[in-house]
Amino acid sequence: MSKYNPSKIEKKWQKEWEKNKLYFTKDKVKGRKNFYHLVMFPYPSGDLHMGHWFNYAPADVYARFKRMRGFNVMSPIGFDAFGLPAENAAIKRNLDPKDWTYGNIEAMKKQMKSIGAVFDWSREIITAEPDYYRWTQWIFLKLFEAGLAKKEKVLANWCPHCKTILANEQVQNGECERCDTVVEQRLLDQWVLKITDYAQKLLDGMEKINWPETTKVLQKNWIGCSEGAIIKFQIPNSKLLISVFTTRPDTIFGATFMVLAPEHELVKKITKDQQLGQVNNYLEKTKKKTELERLSEVKEKTGVFTGAYAFNPANGEKIPIWISDFVLPHYGTGAIMAVPAHDQRDFDFAKKFNLPIKKIDLDSEILNQLSKKGLAERKITYRLHDWIISRQRYWGTPIPVIYCQKCGILPVLEKDLPVQLPKLEDFKPSGNGQSPLAKVKEWVDIRCWRCFSSARRETDTMDTFVDSAWYFLRYADPKNKKEFASKEKLKAWLPVNMYIGGQEHATKHLLYARFITKVLADSGYLDFNEPFSILRHQGLILGPNSQKMSKSRGNVVDPDEMVKKFGSDSIRMYFCFMGPYENGGPWNPKGINGVYRFLNRVWNLVNKKPGNDKSDKAFHKAIKKIGEDIENLRFNTAVSELMKLLNEIEDKQPAKKQIEVFLKLLAPFAPHLTEELWRKVLKNKKSIHLEKWPEYDQRLIEEEMIDLVVQVNGRTREIIKARRDLKENEVRELALKSEKIKRYVSGKEIRKFIYISNKIANIVI
RNA sequence: GCCGAGGUGGCGAAAUUGGCAACCGCACGUGAUUCAAAAUCACGCGUCCGUAAGGACUUGAGGGUUCGACCCCCUCUCUCGGCACCA
């Protein structure tokens, strides 16, 4: 008998499956429902790591299971190819980002194929391909038409290392998420997508999607809805009004001063001459602060008096107007009424600057009264920021806009898409707030399509997250030259039925994708408004020392090495078996031994001559359990059940029929091993991966004899083999006959007898 | 500070969701096989007492509800994630 040698069989079957287009997905198959199964596409960093494997391998078990259950499963894959990391890596190596990226894609494809997944490579997309990004640009134009893409002067996060503006989502604790450099605040003209216009829709849409609750909560908090009111305060002897946002209009009688954000537009208008010096001084100082500094000063309030006052509209009281950077420019109206008796921050500020603190009674009527006078209105605000998508970098989708001397900002015409990214000798970021594309005169200078005056192209590129905010639509129709995808194919596949990927995308990709989907739906291009019906996350794989895998820590486990040593099937199964999928955890170098041994035992069993044990009770139980477990992504207990089944049948010399069922149950987990045994040992003509998932018979799962647990006062004292479905008095008689039970019960009064059918009897004395 | 998820053997974990806590593995121990090792196979393996039969204890801590609680309720505690001067 030959030995199980994964490296001998895995490559062979991968080639064979590819040759016979086993995983080529048609848009329609008679008698099969379409099922769109999606994993998050990788960034072509050049190396497929265990994290990717952990996402793709168990997800592939699910896809294979769905196929066997009769679905026409599409499981596409591609590459999120634009963006900073590739560009930075290319700069470091003195390579063109394109060459670097495409080289990585080739290398990673090979690695990905070693997983043995059902990916349909014929639908592969690469976001850096003109055929792809033309539609990214087209979507931008749709947003532009709808007034949802705008060039605005915004206070934005500037990363001095990456030399570009970043979206709020890409800044963590005041640092650039890519390079951990402290970001600066800069006021610049940037392209923003008005995601805040969709804040409420994004909140409401969560009702109907099957996503992990925790992920929904993350998004909800990120969008951060608060209900309150806008109230107007008048400045004496002028027509100027200062609007404030408050969630507590009922505290207005306690408002003893107002505070404006330093960036507030009225600051310059209201400041009195005698205060001008101090105010300017303060504004200069805050401008220089980084986000991090501003955050670290939470406890210590700073501020300056403007010399101006405003009337409290509730009682006409004249209260001073201050400036402080604890008031944020982008939240509410950038101005507050301060109620030190009811708010800790206002209190701290009042204490520091000796401002009055007034205790008052709450007034729930005041909002209505002020509303009638036109001085207040109810208002909901959100913490969510608009999505700044301008990047002053080279390796991204060009923003399809031109600036005409006469006509101003104009979109590029659809027929002129794609605006191709030109090849550049020097693509390094300049750091002067301009994209390197600005230096390419022959690319930048064009004629206006409307008036033929000279015009300039927009030279910023788009945030990579725009590319990935719609890629799942393209898979339905990846080669379409006329549309981003045809109506028909969208209808055939979307929305995505099952989406599996990391939770770290909760407030980035997953939010953006929902936003873009809703915009396209509102413009009539989609007839659904949530992209991912079911979403599930895999956990994080750590190094053997329980720390995040990284080269600097020296704890990286190389998947290629593991494939060589144990084979893909073992890694797949180990990842399924190691624990709940959403947990992740450290890679246990010994742990994989367990599944490797298991696969060896399967190999040996099937290679033995089949016996004639046809008992199948254990099989029915296993078919049910494994099927239900995979459906719910409980891969660990599914594998456990397979192991139990093997333990049970291994010594019984099972018949060929039983062996076949066993292999089918194992097939989604170990596609190579099962294929080899199915075709070469059992001599089947067709692939096991075209087989149907076995059926089970519920009646055969229920044993006729049960283990009746007998407790006395809630403690188990005896287990009796008993016939199923006994009546209560029969059980009572049986229990009291037991010698052990007699010992506990004799001479005592039985106060209660509880019997739960086919499970447990409890005698209370 | 606010929001969320958790805490079960030496380790990963399981528990029909209120009904035998620790399935399935890893690691470990003993034995078989071997000249020897690896591999493989068999047995053992929550803690304490006991040669054993058996008994007592045990799901972060404390309380409650219940015939019965890892599961439900209350209080506390620790760990991990997210947000964070959001008016």
Side-chain angles (χ1 to χ4, degrees), chain A residues 3 172-174 212-222 224-226 228-229 244-249 251 255 259 261 294-302 324-328 330-339 342-346 348-349 381-385 503-504 506-507 540 546 573-574 577-580 582-583 585-595 597-598 600-601 604 625 628 634 636-647 707-719 740 751-765:
Chain A
K3 259 188 79 182
Q172 294 193 331
N173 301 321
E213 246 354 274
T214 52
T215 306
K216 288 191 192 176
V217 169
L218 287 181
Q219 280 204 359
K220 276 180 199 162
N221 290 347
W222 187 260
C225 162
S226 47
V244 302
F245 173 74
T246 177
T247 53
R248 297 295 303 275
T251 64
V259 189
R294 209 160 153 168
L295 285 176
S296 63
E297 284 168 11
V298 166
K299 276 160 236 133
E300 191 62 26
K301 296 274 180 291
T302 62
S324 173
D325 64 2
F326 87 82
V327 175
L328 305 170
H330 37 62
Y331 188 75
T333 60
I336 63 157
M337 64 177 202
V339 187
H342 282 268
D343 183 283
Q344 186 61 44
R345 292 154 304 179
D346 298 351
D348 295 343
F349 195 84
T381 46
Y382 305 91
R383 307 160 86 117
L384 185 68
H385 291 28
Q503 194 182 25
E504 67 274 17
T507 56
L540 197 66
S546 296
M573 277 205 102
Y574 169 64
F577 186 54
M578 68 182 283
E582 64 279 6
N583 280 180
W587 172 273
N588 177 353
K590 294 280 176 65
I592 194 168
N593 287 339
V595 289
R597 278 177 203 141
F598 167 79
N600 270 290
R601 282 163 57 199
N604 293 338
K625 171 84 173 137
E628 286 171 359
R634 289 192 301 247
N636 55 330
T637 48
V639 174
S640 158
E641 193 67 21
L642 276 164
M643 289 173 166
K644 274 193 247 181
L645 184 59
L646 181 67
N647 289 346
D707 285 336
L708 178 71
V709 176
V710 183
Q711 300 185 331
V712 178
N713 287 344
R715 312 193 119 227
T716 302
R717 296 299 180 186
E718 172 74 303
I719 295 164
K740 265 194 206 160
R751 293 194 295 142
K752 218 172 187 182
F753 185 86
I754 291 144
Y755 175 55
I756 306 299
S757 181
N758 294 325
K759 270 185 186 153
I760 204 160
N762 191 6
I763 303 165
V764 186
I765 53 174

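Numbered from 1 within each chain, the chains take letters A, B, ... in sequence-line order. Scope of the values below: all heavy atoms of this structure, side chains included, with no hydrogens, waters or symmetry mates.
In this model, the phosphate group of B/C57 is approached by a side-chain N or O of A/R715 to a distance below 4.0 Å at OP1 or OP2. Note on A/R597: a side-chain N or O is less than 4.0 Å away from OP1 or OP2 of B/U40. In this model, the phosphate group of B/C24 is not approached by any side-chain N or O of A/K644 to a distance below 4.0 Å at OP1 or OP2. Distances shown here put every side-chain N or O of A/N636 at or beyond 4.0 Å from the OP1 or OP2 atom of B/C24. A sub-4.0 Å separation between OP1 or OP2 of B/C23 and a side-chain N or O of A/N647 is absent. A/N583 has a side-chain polar atom (N or O) that falls below the 4.0 Å cut-off from OP1 or OP2 of B/A13.
Spacing of C1' atoms, B/C76 relative to B/C67, comes out at 29 Å, to the nearest Å. For the C1' atoms, the distance linking B/G25 with B/U79 amounts to 25 Å, nearest Å. To the nearest whole angstrom, the two C1' atoms, one in B/C78 and one in B/G60, are 7 Å apart. Comparing the P positions of B/A21 and B/A27 gives a spacing of 29 Å, expressed to the nearest Å. Nucleotides B/U59 and B/G46, compared at atom C1', are 11 Å apart to the nearest Å.
Ring planes of A/H385 and A/H330: tilted class, angle from 30 to 60°.
Judged by Watson-Crick or G-U wobble contacts below 3.5 Å, the nucleotide B/U33 has no partner.
The CE atom of A/M578 sits 15 Å away from the P atom of B/C26 (whole-angstrom rounding).
Under 3.5 Å, the side chain of A/K301 and the base of B/C85 form at least one donor-acceptor pair of N or O atoms.
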